[in-house]
Amino acid sequence: NNNAEARLSMTESMYIRNLDEEQAEKLLQLTDKFRQKTKIQQSMRCVGIPTCQIGIEQSQSLVKNILEYIKINNISEERLPFVYVSGCQNSCGRHQVGDIGFAGGKKKVGEKIEDVFDIYAGGMVSRERTVLGTKFGIMLMSRIPEFIGELSMELEKNLIGYEEYISEKNDSFIELIGKYLV
């Protein structure tokens with residue numbers, strides 16, 4: 001369905017102010033079918049290639065592929081964090097300050113130049129403090145949706161949210177990331 005594909009490839013946000021409770025409820029009802037409800041659906045990404053002149057990777061496609069993988073494999077989204085994706089090392093998608101961030105690049109793997117993303121985790125921006133995420137290594141773009149799917153299964157198995165998981169079960173998180181690094 002072209003409408004669903006367009007929705008997954010690029011989304012926009014908007015703020016509507018000064019609604020009373022009744023108006024807000026009506027707006028929620030009207031937008032229920034196309035509103036992004038989970039953190040993973042609300043992921044931030046830069047415009048990436050082919051629009052960006054300095055972009056290296058397709059940040060929009062990566063998020064689309066993650067969402068499709070989750071849907072096709074019937075993976076729970078409820079505990080997954082926001083994902084922040086930049087198509088290059090510039091931080092247009094805020095990959096360094098996100099729960100999980102990806103920064104696009106290219107890497108020779110074997111005899112082939114592959115589409116890859118650096119993975120960052122643990123970043124945050126708030127009024128009280130800002131923390132840059134830790135760079136853990138490089139993942140093939142094609143394997144990132146599977147990684148996110150496995151992360152969701154870990155969160156469900158442990159019955160905890162992402163923030164608790166990376167602080168309380170950090171060794172498991174690092175081991176999970178390690179399975180996908182090139």
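We use all heavy atoms of the structure for the numbers below, so side chains are in, but hydrogens, waters and symmetry mates are not.
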K.L.:
Closest approach of Leu62 and Pro145, non-hydrogen atoms and distance?
P.N.:
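Where Leu62 meets Pro145 most closely, the heavy atoms are CD1-CD, 4.5 Å.
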K.L.:
Any side-chain heavy-atom pair from Tyr69 and Asn73 closer than 4.5 angstrom?
P.N.:
yes
K.L.:
Do Ile144 and Ile66 make a side-chain contact, defined as non-hydrogen atoms from C-beta onward lying under 4.5 Å apart?
P.N.:
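Touching, per the 4.5 Å side-chain cut-off.
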K.L.:
Before giving the answer on side-chain contact (heavy atoms from CB on, under 4.5 Å), spell out for Val116 and Met141 the whole-Å C-alpha distance, their side-chain angles and the decisive distance to 0.1 Å.
P.N.:
CA-CA 5 Å; Val116 297; Met141 179 179 176; over 6 Å; no
K.L.:
Hey, are the side chains of Arg129 and Met124 touching, using non-hydrogen atoms and a 4.5 Å cut-off?
P.N.:
yes
K.L.:
Under 4.5 Å between side-chain heavy atoms, hopping through other hydrophobics if needed: is there a path connecting Ile174 to Ile160?
P.N.:
yes
K.L.:
Any salt bridge (Lys or Arg N to Asp or Glu O under 4.0 Å) involving residues 141-160? Give me the pairs, sequence neighbours left out, ordered by first then second residue.
P.N.:
Arg79-Glu156, Arg143-Glu146, Glu150-Lys179, Glu154-Lys157
K.L.:
Could you check whether any side-chain N or O of Ser43 sits under 3.5 Å from a backbone N or O of Ile40, counting only pairs where one atom can act as donor and the other as acceptor?
P.N.:
yes
K.L.:
Might you work through the side-chain contact (heavy atoms from CB on, under 4.5 Å) test for Leu19 and Lys26, ending with a clear yes or no?
P.N.:
CA-CA 10 Å; Leu19 298 177; Lys26 180 69 173 168; over 6 Å; no
K.L.:
Leu181 and Ile148: same hydrophobic cluster, using ILVMFWY side-chain contacts below 4.5 Å?
P.N.:
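Hydrophobic grouping puts Leu181 with Ile148.
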K.L.:
As an exercise, state the distance from CD1 of Ile166 to CG of Asp171, rounded to the nearest 0.5 Å.
P.N.:
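That separation rounds to 13.0 Å.
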K.L.:
Looking at Ser152 and Gly149, would you say the former's side chain and the latter's main chain have a donor-acceptor pair under 3.5 Å?
P.N.:
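A pair under 3.5 Å: no.
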K.L.:
Taking all non-hydrogen atoms of both residues into account, name the closest pair between Gly87 and Cys46 and its distance.
P.N.:
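It is N-SG, 3.1 Å.
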K.L.:
Looking at Val47 and Gln60, what are the two nearest heavy atoms and their distance?
P.N.:
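Heavy atoms of Val47 and Gln60 come nearest at O-CG, 3.5 Å.
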K.L.:
Can you tell me if CG on Asp20 sees more than 12 non-hydrogen neighbours from other groups inside 6.0 Å?
P.N.:
yes
K.L.:
With rounding to the nearest 0.5 Å, note down the distance linking OH in Tyr165 to CG in Leu159.
P.N.:
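These two atoms lie 13.0 Å from each other.
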K.L.:
Kindly assign one of parallel, tilted or perpendicular to the pair Phe173 and Phe147, based on the angle between their ring planes and the thresholds 30° and 60°.
P.N.:
tilted
K.L.:
Which of these passes side chain to side chain donor-acceptor pair (under 3.5 Å) with Ser61: Glu57, Gln58, Lys64?
P.N.:
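Exactly one pass, corresponding to Gln58.
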K.L.:
To check you understand the geometry: which heavy-atom pair defines the closest contact between Leu151 and Leu176, and what is its length?
P.N.:
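Taking Leu151 first and Leu176 second, the nearest heavy atoms are CA-CD2, 3.7 Å.
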K.L.:
Looking at SG of Cys92 and OH of Tyr84, how far apart are the two atoms once the value is rounded to the nearest 0.5 Å?
P.N.:
15.0 Å
K.L.:
What's the spacing between Leu140 CG and Asp115 CG if we round to 0.5 Å?
P.N.:
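Leu140 CG to Asp115 CG: 9.0 Å, rounded to 0.5 Å.
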K.L.:
Return the CG to SG distance between Asn90 and Cys52, rounded to the nearest 0.5 Å.
P.N.:
7.5 Å
K.L.:
Any side-chain heavy atom of Met44 within less than 4.5 Å of one from Val63?
P.N.:
no
K.L.:
Between atom OG1 of Thr134 and atom CD1 of Ile177, what is the distance when rounded to the nearest 0.5 Å?
P.N.:
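Between Thr134 OG1 and Ile177 CD1, I get 9.0 Å after rounding to 0.5 Å.
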K.L.:
Could you tell me which residues satisfy salt bridge (Lys or Arg N to Asp or Glu O under 4.0 Å) with Glu25, sequence neighbours excluded, listed by chain and number?
P.N.:
none
K.L.:
Where do Gly104 and Ile56 come nearest, in terms of heavy atoms and distance?
P.N.:
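Scanning both residues, the minimum pair turns out to be O-CD1, 4.2 Å.
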K.L.:
For Ile113, I'd like to know if atom CD1 has over 12 heavy atoms of other residues, nucleotides or ligands within 6.0 Å.
P.N.:
yes
K.L.:
Step by step, work out the salt bridge (Lys or Arg N to Asp or Glu O under 4.0 Å) result for Glu77 and Lys39.
P.N.:
CA-CA 8 Å; Glu77 300 176 30; Lys39 289 180 179 180; over 6 Å; no
K.L.:
Apply side-chain contact (heavy atoms from CB on, under 4.5 Å) to the pair Lys135 and Ile119, showing each step before the final yes or no.
P.N.:
CA-CA 6 Å; Lys135 180 180 170 183; Ile119 179 171; over 6 Å; no
K.L.:
Less than 3.5 Å apart, any donor N or O on the side chain of Gln23 or Asn18 sitting next to an acceptor on the other?
P.N.:
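Their side chains do not contain a donor-acceptor pair, so the 3.5 Å distance test is not met.
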K.L.:
Does some side-chain heavy atom of Val85 sit less than 4.5 Å from a side-chain heavy atom of Val83?
P.N.:
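The answer is yes; the side chains approach within 4.5 Å.
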K.L.:
Give every donor-acceptor pair under 3.5 Å between a side-chain atom in residues 95-103 and any protein atom, sequence neighbours left out.
P.N.:
unit_1 : atom_1 : unit_2 : atom_2 : d
His95  : ND1    : Ser86  : OG     : 2.8
Gln96  : OE1    : Ser91  : OG     : 3.3
Asp99  : OD2    : Phe82  : N      : 3.3

K.L.:
Which atom names give the shortest non-hydrogen contact between Val182 and Lys107, and what distance separates them?
P.N.:
O-NZ, 4.0 Å
